[in-house]
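Shown next, in structure tokens, is the structure this report addresses.
Model, not experiment: these values are computed from the prediction.
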Amino acid sequence: MKKIVVLTGAGISAESGLKTFRDSDGLWEGYNIEDVATPEAWARDPELVQEFYNERRRSLLQAEPNAAHYALASLQDKYEVHIITQNIDDLHERAGSENVVHLHGVITRSQSSVNPKLTYPIDGWEIKMGETCELGSQLRAHVVWFGEAVPMIEPAAALCSQADIFILVGTSLAVYPAAGLINYVPRTVTKYIIDPNIPTVANRSIIEMPYKATIGVPMVVEELLAAE
Ligand code: APR
């Protein structure tokens with residue numbers, strides 16, 4: 001079976017009603033990254049940080065996967081598919097994708113604030129202040145903040161280097177190390193880029209699809225499912 005590796009960003013979930021980060025009406029517009037998505041912010045004002053992610057989780061519970069998430073899951077009928085997502089939502093899993101690497105964590109789980117390896121499922125939308133891990137430390141969202149290590153980057157890079165086909169969807173490629181992953185994909189491997197604003201990449205064999213995810217992803221998937 002040929003191996004398809006897909007790297008997704010906030011744009012794939014935009015049409016599910018979840019805001020991207022850097023579009024004009026994006027999430028960061030209302031927030032300073034430094035106030036809500038760094039270890040320093042958590043040290044300074046944990047209630048604010050907790051509330052920010054509780055709100056994100058509440059929106060996510062009301063959201064549904066869209067045609068792009070479902071189309072990617074349908075590729076599994078014919079290919080070995082690995083999704084690498086920068087998103088902290090669980091919409092790929094809910095659409096049926098089986099192999100999902102969350103580079104930046106997933107908001108439906110909580111995490112010990114002293115040991116990032118200790119993570120737990122969350123019942124409902126809220127982590128309350130006072131809820132602790134097994135070591136007695138406050139629980140926080142299981143997400144990777146700016147300035148924290150990205151433990152899944154090495155397995156993700158290994159997947160990219162083994163891809164037979166690569167698909168990039170809905171990411172501005174503004175944040176490293178995720179943005180560097182495309183450099184691990186061999187130059188001769190076909191790379192589809194689906195985004196109304198195609199990001200600049202230094203690689204070859206690029207097919208640009210300047211469409212929204214719910215239009216562009218099903219188009220590419222249909223082509224790949226029809227291929228020999
Ligand atoms: N379909 C496809 N792409 C879209 C759509 C859509 N309907 N709407 C917007 N986009 C594209 C934008 O053109 C942009 O290129 O999605 C991209 C969103 O970019 P960002 O907001 O920068 O999101 P992302 O690339 O996922 O951010 C990376 O940055 O803030 C951190 O940790 C956060 O994981 C996030 C990382």
field: Audit row: Leu103, Met152, side chain to side chain contact (heavy atoms under 4.5 Å, CB included) steps and yes/no
entry: CA-CA 5 Å; Leu103 280 178; Met152 295 312 286; 4.2 Å; yes
- request: Considering only Ile, Leu, Val, Met, Phe, Trp and Tyr, and joining two whenever side-chain heavy atoms are under 4.5 Å apart, list the other residues clustered with Trp125.
  value: Leu61
- request: Decide yes or no for Val221 and Ser74: does some side-chain heavy atom of the first lie under 4.5 Å from some side-chain heavy atom of the second?
  value: yes
Under 3.5 Å: donor-acceptor pair, side chain of Asn203, backbone of Ile182: yes
message: Other residues, nucleotides and ligands only: do more than 12 of their heavy atoms fall within 6.0 Å of CD on Glu154?
response: no
message: Do Asp164 and Val189 make a side-chain contact, defined as non-hydrogen atoms from C-beta onward lying under 4.5 Å apart?
response: no
task: Enumerate the residue pairs fulfilling side chain to side chain donor-acceptor pair (under 3.5 Å) with a member in residues 169-184, sequence neighbours excluded, ordered by first and then second residue.
output: Gln86-Thr171
message: Is there a side-chain contact between Val175 and Arg22 in this structure, where contact means two heavy atoms from C-beta onward sitting under 4.5 Å apart?
response: yes
field: Spacing of CG belonging to Leu139 relative to OG1 belonging to Thr132, to within rounding of 0.5 Å
entry: 6.5 Å
- request: Would you indicate whether the side-chain heavy atoms of Pro121 and Arg109 approach each other to under 4.5 Å?
  value: yes
- prompt: How long is the gap from NZ on Lys2 to NZ on Lys78, to the nearest 0.5 Å?
  reply: 8.5 Å
- request: Fit a plane to each ring of Phe52 and Tyr31, take the angle between them on a 0 to 90° scale, and name the class: parallel (under 30°), tilted (30 to 60°) or perpendicular (over 60°).
  value: perpendicular
task: Would you confirm whether His102, through its side chain, and Asn87, through its main-chain N or O, come within 3.5 Å as a donor-acceptor pair?
output: yes
message: Looking at Glu222, I want to see if its CD is surrounded by more than 12 non-hydrogen atoms of other residues, nucleotides or ligands under 6.0 Å.
response: no
message: Are Phe146 and Leu173 linked, directly or through intermediate hydrophobic residues, by side-chain heavy-atom contacts shorter than 4.5 Å (ILVMFWY only)?
response: no
message: I'd like to know if the side chain of Gln76 and the backbone of Ala73 have a donor-acceptor N/O pair within less than 3.5 Å.
response: yes
- prompt: Would you say the side-chain atoms of Asp89 and Ser13 include a donor-acceptor pair closer than 3.5 Å?
  reply: yes
query: Do Ile198 and Val217 belong together in a cluster built from hydrophobic side chains that touch within less than 4.5 Å?
result: no
- prompt: Is there a donor-acceptor contact under 3.5 Å from the side chain of Asp23 to the main chain of Asp25?
  reply: no
- request: Return yes if some donor-acceptor pair links the side-chain N/O of Gln50 with the main-chain N/O of Met129 below 3.5 Å, else return no.
  value: no
query: Under a single-linkage definition using a 4.5 Å side-chain heavy-atom cutoff for Ile, Leu, Val, Met, Phe, Trp and Tyr, are Val144 and Leu159 assigned to the same hydrophobic cluster?
result: yes
- prompt: What distance separates Arg140 CZ from Trp42 CH2, expressed to the nearest 0.5 Å?
  reply: 7.5 Å
query: If you take all heavy atoms of Pro218 and Ala71, which pair is closest and at what distance?
result: CA-CB, 4.0 Å
- prompt: Are the side chains of Asn99 and Val81 in touch, meaning some heavy atoms are under 4.5 Å apart?
  reply: no
field: Test item: Lys191 side-chain N/O and Arg204 main-chain N/O as donor-acceptor pair under 3.5 Å
entry: yes
message: Does any part of the side chain of Ile122, heavy atoms only, come nearer than 4.5 Å to the side chain of Thr108, both counted from C-beta?
response: no
field: Verdict with reasoning, Val49 to Arg44, per side chain to side chain contact (heavy atoms under 4.5 Å, CB included)
entry: CA-CA 9 Å; Val49 175; Arg44 203 168 43 234; over 6 Å; no
query: For Tyr53, is the NZ or CZ atom of Arg57 found under 6.0 angstrom from the centre of its six-membered ring and inside 45 degrees of the ring axis?
result: no
message: Would the distance check show the side chain of Gln138 and the main-chain N or O of Lys128 forming a donor-acceptor pair, the cut-off being under 3.5 Å?
response: yes
- line: Separation between CG (Leu135) and CG (Leu118), nearest 0.5 Å, reads 5.5 Å
- request: State whether the side chain of Gln111 and the backbone N or O of Gly105 hold a donor-acceptor pair below 3.5 Å, judged by distance alone.
  value: no
- prompt: Taking C-beta and beyond as the side chain, do Leu91 and Leu60 meet within less than 4.5 Å on heavy atoms?
  reply: yes
message: Distance check, rounded to the nearest 0.5 Å: Glu34 atom CD versus Asn32 atom CG?
response: 5.5 Å
Pairwise side-chain contact, Gln162 with His82, heavy-atom cut-off 4.5 Å (strictly under): no
Check: Leu18 main-chain N/O paired with Ser16 side-chain donor or acceptor under 3.5 Å: no
- request: Report the distance from atom CG of Leu168 to atom CG of Asp195, rounding to the nearest 0.5 Å.
  value: 7.5 Å
message: Keeping Ser205 on the side-chain end and Arg187 on the backbone end, is there a donor-acceptor pair under 3.5 Å?
response: yes
field: Ile12 and its side-chain contact (heavy atoms from CB on, under 4.5 Å) partner, picked from Leu72, Thr85, Thr20
entry: Leu72
task: Identify the two heavy atoms, one from Ile84 and one from Ala156, that lie closest to each other, and give their separation to 0.1 Å.
output: CD1-O, 3.7 Å
Hphob cluster co-occupancy, Val169 + Phe166, side-chain heavy atoms under 4.5 angstrom: no
task: State yes or no: do Leu75 and Val185 share one hydrophobic cluster built from I, L, V, M, F, W and Y residues joined by side-chain heavy-atom distances below 4.5 Å, directly or via other members?
output: no
